[in-house]
Structure formats: structure tokens, C-alpha cells
There are 2 protein chains.
Amino acid sequence: MNTDVTPAYRPLYQQIKEVLMGRIVSGEWAPGTFIPSESALSQEYGVSVGTLRKALDSLVNDHVVIRHQGKGTVVATHDADRSLFQFFHIVRHDGERCLPISRVLVREVREANATEAAALEIKEGEQVVHIRRVRELKGKPALLEDLVVSSALFPAMEYEPETLPNTLYQLYQQRFGLSVAKAEERLFAVAAGKAEQEHLGVMPGTPLLEIHRVARNLQGEALEFRVSRCETQQHCYLNEL
Amino acid sequence: MNTDVTPAYRPLYQQIKEVLMGRIVSGEWAPGTFIPSESALSQEYGVSVGTLRKALDSLVNDHVVIRHQGKGTVVATHDADRSLFQFFHIVRHDGERCLPISRVLVREVREANATEAAALEIKEGEQVVHIRRVRELKGKPALLEDLVVSSALFPAMEYEPETLPNTLYQLYQQRFGLSVAKAEERLFAVAAGKAEQEHLGVMPGTPLLEIHRVARNLQGEALEFRVSRCETQQHCYLNEL
DNA sequence: CAGTGGTCTAGACCACTTA
DNA sequence: AAGTGGTCTAGACCACTGT
């Protein structure tokens, strides 16, 4: 009996989509650059413009490329807007979104513990870069954030560049050529400890929102594991369904 | 000066989409029923099949209709699957999704407080139906849930039907003709009180995840305001970005 | 088999950007 | 004016569902 999951039929536009993805993933078309025009690509692959458009539509839907009428199609980058709308879901109670300012507390290389190794799909004890930051919204400390990335993928990130930018995903893309395309977040409620008391100014035991995020590239490989603890008197996590 | 937000140009397929939406919202095409075929509709409106398909594609994207190759296009209903995947984000730590069993604790008519009135976009003091339930996952109490709906929109719901189904959105649609199409959820961390101690079996002060959900119909009108408190030792809230 | 949605084509024309 | 993406058309053929 045939237990294949892949259908016998593979629509042409899906095949085209995968080829285009490949040219982006391989770095041939770098983030921020224009890809060839629809008509050029349709000729290159010997398909109709309509079919090629359908492949591109799908890539637009996946946030892989962005189209600009009259100009062309660019490979998506991690500008501040994207970080804000795709990945940052903390808002003030009045609903206003704004990207937080970050202050780095810890930046070191150490060995991955079991949880981190599982999240990053590496072996326990492998080297990771660990960064701890406090993130402020409108001048008020709102988040205490710990994140780890594999040292193998992000070499020397523990000391270079000297100052870390606010939106790390831009750095990952520009310096290490690794683009975060998607992520899963798991939310828990936890009690504040000493670290949160010190950096967020809350009493120990105060309930905090804890967010575990695994950020992945287009192929689904884990790039970063991040744990954020958020004070929810002033802010909350917003999700639209 | 013209300060209109609506663009001067209105693509045909968007106009068609709105007309189709209207026929669904008005009840002419009820949830669960098949709408006319693509070719029939394209003839009726005097547009090409391609244009009509584009309108339908958009409705599929908005979860308003569902297409079945070889059969036809049906107006979306609230089956258990939809409740599970679009609206229910609580999962076990191992990642398994399952719909919880509900036990009703309170079912009454009372006046809306300020928070509820604001969420439902009604006046404070207007009559609402209030329901409190405990929801169990795999036999373990996981959620304590309070929800309110306007008595005006949901007449007699405080005593009819005698037993409330597990997935309320199906009831809203079938009995009251009101379809939940989208929602916003805001998440907070709070400390457990006596009610949570009694019904969830947690110590007072235990951090809990609190979820505020406003459920809306296709036109964006608020239908239900729901507050759930969730124990996060066994479960968490999962969001894919 | 007829009817449905799904794919693919070829071409016309429109709106937007840049030079 | 030339080039890009966006809309719209008309028609062919494929895949899936029911009878």
C-alpha cells in the first residue's frame, strides 16, 4: 500500500515556488534586493505569467517577498516594522504598539542546558551565545529576556559587533546571513523571582507572562530560543484570530 | 481636500467579494449550505470565471467559505475542528491539541459591568447572559471561564437550551443565527484566587494565564466577551507566527 | 457520465514608478 | 516613454465527486 503523504500531482506553480525559494535560501537573491520581473521569470521557466504570479502570490503570503507595483519584487528583510507586526505582540493596555528599547545585561558563551538544546535541536553541552536584556517600553522596564543561539551558527557573536542593535533579527540576517521567517511562541504564567524584582521593579511572587519563542528560518531549522518575562500591569500580549 | 481613505479604484473582484459577503451575512446563504457554482455566479454577475474565483479565493482566505473540489463551495460553519484550530490555542506541554469538556457552574442574567459593556460595545447596566464554566482537558480541570453575551442578541439563553453544548459558537450560529468570524485575545498573568483554588485545585496566589477574548461577527460587531484563567503547569498557550 | 473546483495559458489593458 | 506589478478576460484541460 502506498503511504506517501505527497500527492501524486504537483501543481506547476508549486514547483516554481520551490525553485524560487531555493534561489532565495541559497543567497542568490539576497534579502532587500529585487528579483527578476514576472515576465522575465516566466520566460526563464517557460511557464505563463499567470502561473508564475501564482507562485509569487504564495511567497508574498508567506512573507518571503514583497511586491511593489511599478517597481518590482524584493526579498523580504527584517526592518523594524516587520519585527513589530510579525513578531512582537506586546502592546500597552490602550492597544498602542511600539518597539522596546533594549539594555544588554549579559553576553557570554556557555554550554546549552537540556531545555535550550532541545529547543535549538542541538546536543546538550554544545556552545551557545547567551544574551540577557531588559526591554523598556516608553521608558518603563517591561520585559526581561534571555535568549540563546548556537555558537556554530553565530560565530563570535558574544563580542562582535560591539553593541547589539535593538532588533536582533536584522543583525542575524545582515551579519550571519540567517533570516528568521517564522516562529512558535508558548505562553505561561510564572512568579517573579529576584532577577525580575531587580530589573522590572516588581515584588517577588508577582505573576508574570513568560513567553518561549523558537525562531526558525524558511526551512524550519531552529535559529534562536528566547524566553521573555513580561509584567502585565501596563502591557499585555495581543493575538488576533 | 479629499480625505477619503477608500481608493478611487475598486477592483471588480473586491466588489464581487462584498456582494457575496452580503448574501452570506443577510442569511440568504446559510452556514453549511452550498452556494452556486463558480460558473453560475460568474454568469449572474457578468464577470469572467477568473475574476469570480479571485473573489472566492479571498473569502476562503478569510475563513468565510470552504471549497471542496468536485463538490462545491459551502459557507463555513463552526464545527469542532474550526473551534479547535482557529479559536482554541491551549495545548498540553507535549503539544497535543484537544477540545476541553465543559461543566457549567453559573448561568444567569445580570447587568453588564463597565468592563463587559466596553468589550461588548453596549451600555453599562444592560442585560447580559453570564456563564461560568470549568473546562477539563484529559480529565484534569484546566480552565475557569467566565463569558457574557448581550441578552438582546441572545434572548432566553439563560435557560434555553437546557444543556449547553461544548462548543458554544456552534450554538450561537445554529440557534441565534450569529456567526463568530474572528476574535482578539489579550493575555495577562494573574494570581489565583478562591474560585480558582476551588475549581482548578491550585493554591491561592499561583500564577495563572488570563485570556480576554472578544469574539466578533463578519462585520466586526462584538458578540461575546470571555475571560479564561488557565493553569500552566500542564498546559500552555501556543501561537504560531 | 455530468458537474464541480483546480490548473494553466495567452493576451489585453490599467495603475504605478522611474527616468 | 518604458518597465513593473495588478486586473480582467476567454478558453482549454485536469482532478475529484457524485450518480
Side-chain angles (χ1 to χ4, degrees), chain A residues 2 4-21 23-24 29-77, chain B residues 2 4-21 23-24 29-77:
Chain A
N2 183 4
D4 274 353
V5 180
T6 43
Y9 218 28
R10 226 20 197 313
L12 191 47
Y13 73 90
Q14 277 187 25
Q15 299 176 40
I16 300 285
K17 178 187 175 183
E18 279 159 35
V19 175
L20 298 177
M21 278 272 269
R23 293 177 79 165
I24 291 169
W29 294 332
T33 63
F34 282 83
I35 72 174
S37 73
E38 297 180 343
S39 60
L41 287 171
S42 67
Q43 283 191 2
E44 179 179 345
Y45 291 114
V47 300
S48 77
V49 187
T51 300
L52 198 121
R53 275 187 72 79
K54 231 183 148 175
L56 279 179
D57 282 342
S58 180
L59 290 176
V60 168
N61 210 277
D62 295 349
H63 305 112
V64 176
V65 300
I66 299 167
R67 290 206 268 223
H68 298 284
Q69 188 174 20
K71 294 174 70 177
T73 303
V74 299
V75 181
T77 59
Chain B
N2 182 4
D4 275 351
V5 180
T6 43
Y9 229 6
R10 213 67 134 78
L12 191 48
Y13 73 90
Q14 276 187 25
Q15 299 175 38
I16 300 285
K17 178 186 176 184
E18 279 160 33
V19 175
L20 298 176
M21 277 273 269
R23 294 178 78 166
I24 292 170
W29 294 333
T33 63
F34 281 84
I35 71 175
S37 73
E38 297 180 345
S39 61
L41 286 172
S42 67
Q43 282 191 3
E44 179 179 345
Y45 292 113
V47 300
S48 77
V49 186
T51 300
L52 198 120
R53 275 187 72 79
K54 233 185 145 171
L56 279 179
D57 282 342
S58 181
L59 290 176
V60 168
N61 211 277
D62 295 349
H63 306 110
V64 175
V65 300
I66 299 166
R67 291 205 269 223
H68 298 283
Q69 187 174 20
K71 294 174 71 178
T73 304
V74 300
V75 181
T77 58

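Only heavy atoms go into these numbers, but all of them, side chains included; no hydrogens, no water, no symmetry mates. Naming convention: chains lettered A, B, ... in sequence-line order (proteins, then strands); numbering from 1 in each chain.
- Spacing between atom CD of A/Gln43 and atom P of C/dT9 amounts to 13 Å, rounded to whole angstrom units.
- For B/Leu52 and D/dT7, the CG to P distance is 15 Å, given to the nearest whole Å.
- Side-chain contact between A/Leu20 and A/Ile16: present, with at least one pair of heavy atoms (C-beta onward) separated by less than 4.5 Å.
- A straight line from NZ of B/Lys54 to P of D/dC8 spans 7 Å, rounded to a whole angstrom.
- With rounding to the nearest 0.5 angstrom, the CD1 atom of A/Ile24 is 8.5 Å from the OG1 atom of A/Thr33.
- Residue B/Thr51 places its side chain closer to D/dC8 than to any other of C/dG6, D/dC8, C/dC8.
- Heavy atoms of A/Val47 sit under 4.0 angstrom from primed sugar atoms or phosphate atoms, though from no base atom.
- Nearest to the side-chain atoms of B/Pro11 among the listed nucleotides D/dG6, C/dT9, D/dC8 stands D/dC8.
- Remark: A/Thr73 is not in phosphate contact with D/dT4, judged by side-chain N or O atoms under 4.0 Å from OP1 or OP2.
- DNA chain C is contacted by both A/Tyr13 and A/Gly70; A/Tyr13 maps to the nucleotide lying nearer its 5′ end (nearest heavy atom per residue).
- Here the P atom of nucleotide C/dC8 and the CG atom of A/Asp57 are 13 Å apart, to the nearest Å.
- For C/dG3, the OP1/OP2 oxygens have no side-chain nitrogen or oxygen of B/Lys71 closer than 4.0 Å.
- Of all nucleotides listed (C/dT4, D/dG6, C/dT9), C/dT4 comes nearest to the side chain of B/Ser37.
- Of the listed nucleotides (C/dA15, D/dC8, D/dT4), C/dA15 has the atom at the smallest distance from the side chain of A/Gln69.
- Residue B/Glu38 places its side chain closer to C/dG5 than to any other of C/dC8, D/dG6, C/dG5.
- With distances taken from any side-chain atom of B/Ser39 to the nucleotides C/dT4, C/dT18, D/dG5, the minimum falls on C/dT4.
- Per the geometry, CZ belonging to B/Phe34 stands 16 Å off P belonging to C/dG3, to the nearest Å.
- Here the CG-CG distance, from A/Leu56 to A/Asn61, works out to 12.0 Å after rounding to the nearest 0.5 Å.
- In terms of modelled atom types and a separation under 3.5 Å, the side chain of B/Glu38 and the main chain of B/Arg53 share no donor-acceptor contact.
- Contact annotation: B/Arg53 does not reach the phosphate of C/dG5 (side-chain N/O to OP1 or OP2, under 4.0 Å).
- The side chain of A/Ser48 lies closest to C/dA10 when the candidates are C/dG5, C/dA10, D/dC8.
- If you take CG of A/Leu41 and P of D/dT4, they are 10 Å apart, rounded to a whole angstrom.
- If you take CD1 of A/Ile66 and P of D/dG5, they are 14 Å apart, rounded to a whole angstrom.
- A heavy-atom distance below 4.5 Å is found between the side chains of A/Lys17 and A/Asp62.
- The CZ-C1' distance, from B/Arg67 to D/dA15, rounds to 15 Å in whole Å.
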